[in-house]
Each structure stands twice: as structure tokens, then as C-alpha cells.
Amino acid sequence: QGLGVDALKLLREASDETGLPVVTEVLGTDDVDLVAEYADMLQIGARNMQNFSLLRRIAKCSRPVMLKRGPSATVKEWMLAAEYLIAGGNPNVVLCERGVKSWDTETRNLFDLASLALARQLSHLPVIADPSHGTGRRDLIPIMSRAAIAAGADGIMVEVHPCPERALSDGPQSLEPEQFAELVRGLFAPL
């Protein structure tokens, strides 16, 4: 969504300038080739975790895939979606825990650290954590990032925006660049 191919070109340009790889979400089967042309890794968003047409199409792509856990998915369903990608021909899958739906309205989702640790036990695949979506609150991101690392996460994914209060989406769960730098510096410091 958003700027379409223009956004993909901007992401590629930023990647070329910084050396950072591009990971972006693919929403539909018709977009796989286009996104793969610009992105280094394709993301299957939480709401598409069980979109089997999309999984089947991305399984044929040579790009690595980040598979986000669905908002109501069990760990078994998440693992089976990953297996679907692998069986379809793409062994380069990274699992991403981003929280599941809960009745509590104080956080965006229930950031499920137990499922993150269980995914590490059940699978050979790398598992990363998304405390931005998992909590929906910038004040919780640093502590939940450390908790995710303690639970065995291979990495974290954090939203960053230079002016979160003006962000078009996800502002309350975005760190400012300085906050992100502080998080990175302190992530592996003793508690």
C-alpha cells in the first residue's frame, strides 16, 4: 500500500546508501515479483500468515522470508505455515513473534515470550521478536526487547520514526532514532 513501486525504489535507494538490507511486506500474489526485485527479504504479515496462495507463491521465490505469527495463531499453526513455505521450495524462513490478540486494551497485543521460546525449541529456524507490534507502546519496547533476547530471540525488529507523533501509522509504538540508539547500546548490558 502507500506509494507502491515508488516506495520500493526509495527503500532500495536507502539500502544502497546505507548497506542495510530491505525487508518489506508482500500483500498479494501479484506483487511478489515486483517486491522481490527491490527487497532483500519478503515479509509475510500477520494477517497473511495463513494466506496459502501467497505462501505457495512466495515459496517459489528465491528471496528469504520473514513469517510473522498471525494475531490468533497457535504456535503449531505458525510452525505449519513455515513448513508450507519450506515444503514449497523456500528453506530460508525467519519466524517473527509479534504478539497475539488479547482482551487487555492497555497493550496492542499480548507479546508472547513463551511462544517465542517454544518456537526456538520446536524449529531449527531463526526466531526474531517484534516488541513494537507486540506491545504497541514505545515505553515497553526496551524492556520487552531485553526479555525477548533472554527468551532466546535471534534478533528484534523495532519501529523507528523521526517524529512519532506525526507518523501516518504506528506512531505510539515507534521509537525516535535517539531512543533506538540507546536501546541498541543497552540491549546486551547487564540487568
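Just the heavy atoms: all of them, side chains too, but no hydrogens, waters or symmetry mates, feed the values below.
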Pro164 side chain reached by Glu176 side chain, heavy atoms, under 4.5 Å: yes

Pro131 versus Ala129, closest heavy-atom pair with distance: CD-O, 3.3 Å

OG1-CG distance between Thr29 and Asn51, expressed to the nearest 0.5 angstrom: 7.5 Å

Expected output: side-chain Asp40 to main-chain Val22 donor-acceptor under 3.5 Å: yes

Considering all heavy atoms, the nearest Ser123-Met79 contact: CB-SD, 3.8 Å

Same apolar cluster (I L V M F W Y, side chains within < 4.5 Å links), Leu122/Leu85: yes

Side chains of Ser115 and Arg69, donor plus acceptor under 3.5 Å: yes

Verify same cluster id: Leu34, Ile44 (apolar side-chain graph, 4.5 Å): yes

Val32 side chain near Leu42 side chain, heavy-atom distance below 4.5 Å: yes

Same apolar cluster (I L V M F W Y, side chains within < 4.5 Å links), Met49/Leu118: yes

Full working for side chain to side chain contact (heavy atoms under 4.5 Å, CB included) between Tyr84 and Arg56: CA-CA 7 Å; Tyr84 204 87; Arg56 194 169 24 258; 2.6 Å; yes

Backbone N/O of Val127 and side chain of Asp154: donor-acceptor pair under 3.5 Å: yes

For Ala39 against Thr24, the heavy-atom pair lying closest together: CB-CG2, 4.0 Å

Polar side chain donor-acceptor pair, Gln173 to Arg108, under 3.5 angstrom: yes

Point-to-point distance, once rounded to the nearest 0.5 Å, from CG of Leu140 to CZ of Phe111: 10.5 Å

Stepwise side chain to side chain contact (heavy atoms under 4.5 Å, CB included) test for Phe180 and Val184: CA-CA 6 Å; Phe180 179 68; Val184 171; 3.6 Å; yes

CD (Glu83) with more than 12 external heavy atoms under 6.0 Å: yes

Point-to-point distance, once rounded to the nearest 0.5 Å, from NE2 of His161 to OG of Ser174: 7.0 Å

Side-chain donor/acceptor of Ser102 to backbone N/O of Leu110, under 3.5 Å: no

Within one Ile-Leu-Val-Met-Phe-Trp-Tyr cluster: Met157 and Trp78, side-chain cutoff 4.5 Å: no

Minimum side-chain heavy-atom gap Arg63-Asn92 below 4.5 Å: no

Worked check of side chain to side chain contact (heavy atoms under 4.5 Å, CB included) between Ser132 and Ile141: CA-CA 6 Å; Ser132 296; Ile141 292 171; 3.6 Å; yes

Which atom of Lys101 lies closest to which atom of Ser72, heavy atoms considered: CG-OG, 4.3 Å

Polar side-chain atom of Ser15 near backbone of Leu20 as donor-acceptor pair, under 3.5 Å: yes

Test item: Asn90 side-chain N/O and Cys61 main-chain N/O as donor-acceptor pair under 3.5 Å: yes

Separation of Ile149 CD1 from Leu113 CG (nearest 0.5 Å): 10.5 Å

Distance (rounded to the nearest 0.5 Å) between Thr74 OG1 and Leu80 CG: 7.5 Å

Nearest non-hydrogen partners of Leu187 and Ser145, listed with the distance: CD1-CB, 3.8 Å

Taking every non-hydrogen atom, the tightest pair across Arg138 and Leu175: O-CD2, 3.8 Å

N/O donor-acceptor pair under 3.5 Å between Asp112 side chain and Glu97 backbone: no

Verdict with supporting geometry, Ile156 and Leu183, side chain to side chain contact (heavy atoms under 4.5 Å, CB included): CA-CA 11 Å; Ile156 59 168; Leu183 169 66; 4.1 Å; yes

Polar side-chain atom of Glu17 near backbone of Ala14 as donor-acceptor pair, under 3.5 Å: no

Shared hydrophobic cluster, Val5 / Val35 (ILVMFWY, side-chain heavy atoms < 4.5 Å): yes

Salt-bridge contact Arg57-Asp33 (side-chain N to carboxylate O under 4.0 Å): yes

Asp130 backbone acceptor or donor facing Arg98 side chain under 3.5 Å: no

Point-to-point distance, once rounded to the nearest 0.5 Å, from NZ of Lys68 to CG of Leu95: 13.0 Å

